[in-house]
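These notes concern the structure reproduced below.
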Amino acid sequence: MNRIKSGITGLDTLLDGGFIEGSVNLLTGGTGTGKTIFCCQFLWEGLQKGESCVYITLEESPEDIKEDVANFGWDFSKYEKKGLFKIIYHDPAHVNNLSRSIISEIKELKAKRLVLDSVSVMGLVINDSSQIRKSILNIINTIKHQDSCTTLLVSEVEEDKKALSRFGVEEFVVDGVILLNYMGIGEEYNRSLMVRKMRRSNHGKDVYPFEINREGIHVKKAD
Ligand SMILES: Nc1ncnc2c1ncn2[C@@H]1O[C@H](COP(=O)(O)OP(=O)(O)O)[C@@H](O)[C@H]1O
Ligand SMILES: [Mg+2]
């Protein structure tokens with residue numbers, strides 16, 4: 001089984017070596033917990049290894065994302081020019097052709113890594129919850145069939161709810177689930193991460209503190 005390095009400092013040992021090649025992994029957490037930074041760090045790692053990567057955003061504009069992470073020294077435009085990287089805004093209102101679009105982008109770039117950020121916004125454009133679930137299942141199943149592409153799927157959850165995903169279906173069909181937290185403990189705010197599910201892996205079972213510093217996300221050892 002091939003393991004794909006996450007690029008997140010300190011995380012791969014908790015994942016039994018990294019993400020399984022071709023797996024679809026859900027990255028979930030409240031707003032501002034670091035999901036978009038995590039995704040960019042994952043893709044940046046791939047680009048450093050010469051792998052082609054695709055970022056599909058349903059939320060923020062590609063320009064905003066690239067600008068946000070330029071602070072970490074990640075110059076995605078350089079790789080766009082080389083044809084190794086593509087960041088695409090997909091209007092969530094056009095969910096019907098999302099699967100088709102994902103597949104054609106993966107095929108065109110022969111992408112090894114894919115990010116879809118985030119599926120939660122579909123709730124804004126589709127009212128019927130069973131329809132949303134159907135659409136999301138369809139998208140996840142489509143991505144799963146791309147065997148050599150490893151995927152991060154972002155789902156934003158509300159802070160106070162215990163749910164792992166927005167629509168309650170994502171976590172069941174994916175291969176792995178990583179939960180990001182930003183919790184106030186007394187006066188202090190602390191970031192932490194949990195590997196909630198990782199198929200075929202002896203993964204870390206604790207809550208691991210992490211920080212976002214100038215180099216991106218850094219997972220500290222649990223004490
Ligand atoms: N250079 C940085 N150093 C430290 N923390 C940062 C830096 N840039 C962003 N952050 C933190 O990351 C948060 C945004 O992370 P982001 O990945 O966009 O969150 P999400 O996608 O989960 O909403 C900011 O609110 C801020 O707390
Ligand atoms: Mg985000």
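Quick caveat: nothing in here was measured; it's all calculated off a predicted structure. Ligands are counted one by one from 1 in listed order, and the atoms in each one are counted from 1 as well.
Within 4.0 Å of atom 26 (C) of ligand 1, at least one protein heavy atom is present.
When only interatomic distances are considered, the shortest N/O to N/O separation between Asn213 and ligand 1 does not fall below 3.5 Å. An N or O contact shorter than 3.5 Å links Thr36 to ligand 1 by distance. Where the criterion is an N or O separation shorter than 3.5 Å, residue side chain and backbone included, Asn71 fails it with respect to ligand 1.
Taking the ring centroids of Tyr55 and Phe85, they lie at or beyond the 6.0 Å cut-off. Trp44 and Phe72 have their aromatic ring centers separated by at least 6.0 angstrom.
Counting non-hydrogen atoms of neighbouring residues, nucleotides and ligands closer than 6.0 angstrom, the CZ atom of Arg196 reaches no more than 12 such neighbours. Within a 6.0 Å radius of NZ in Lys205, other residues, nucleotides and ligands contribute more than 12 heavy atoms. The local environment of CD in Glu67 is sparse, with at most 12 non-hydrogen atoms from other residues, nucleotides or ligands closer than 6.0 Å. Residue Asn127 places its CG atom among 12 or fewer non-hydrogen atoms of other residues, nucleotides or ligands, all under 6.0 Å distant.
Between the side chain of Gln41 and the backbone N or O of Ile217 there is at least one donor-acceptor pair closer than 3.5 Å. Using a distance-only test at 3.5 Å, with no hydrogens or angles considered, a donor-acceptor pair links the side chain of Lys197 to the main chain of Glu171. A distance-only check finds a donor-acceptor pair linking the side chain of Arg166 to the backbone of Glu156 [under 3.5 Å]. For the pair Asn181 (side chain) and Met183 (backbone), a donor-acceptor distance under 3.5 Å is absent. Side-chain atoms of Thr33 never come within 3.5 Å of backbone atoms of Thr31 as a donor-acceptor pair (strictly under, hydrogens ignored).
Closest protein heavy atom to atom 3 (N) of ligand 1: Ile212 O, 3.9 Å. Ranking protein heavy atoms by distance to atom 9 (C) of ligand 1, first place goes to Ile37 CD1, 3.7 Å. Of the protein's heavy atoms, Gly32 O, 3.8 Å lies nearest to atom 13 (C) of ligand 1.
When heavy-atom distances to ligand 1 are checked against a 4.0 Å cut-off, Phe72 comes that close only through its side chain, counted from C-beta outward. Proximity of Arg191 to ligand 1, defined as any heavy-atom pair under 4.0 Å, is confined to the side chain (atoms from C-beta onward).
Remark: Arg113 does not engage Glu45 in a salt bridge, criterion side-chain N to carboxylate O under 4.0 Å.
Protein-derived N/O/S atoms nearer than 2.8 Å to the Mg ion (ligand 2) total 1, waters excluded.
Per-residue contacts place Thr31 under 4.0 angstrom from the following atoms of ligand 1 (heavy atoms of the residue considered): 23 (O). Applying the 4.0 Å criterion to heavy atoms of Gly34 picks out, from ligand 1, the atoms 15 (O), 16 (P), 17 (O), 19 (O), 20 (P), 22 (O).
Judged by the shortest distance from any of its heavy atoms, Gly30 lies inside the 4.0 Å radius around the atoms of ligand 1.
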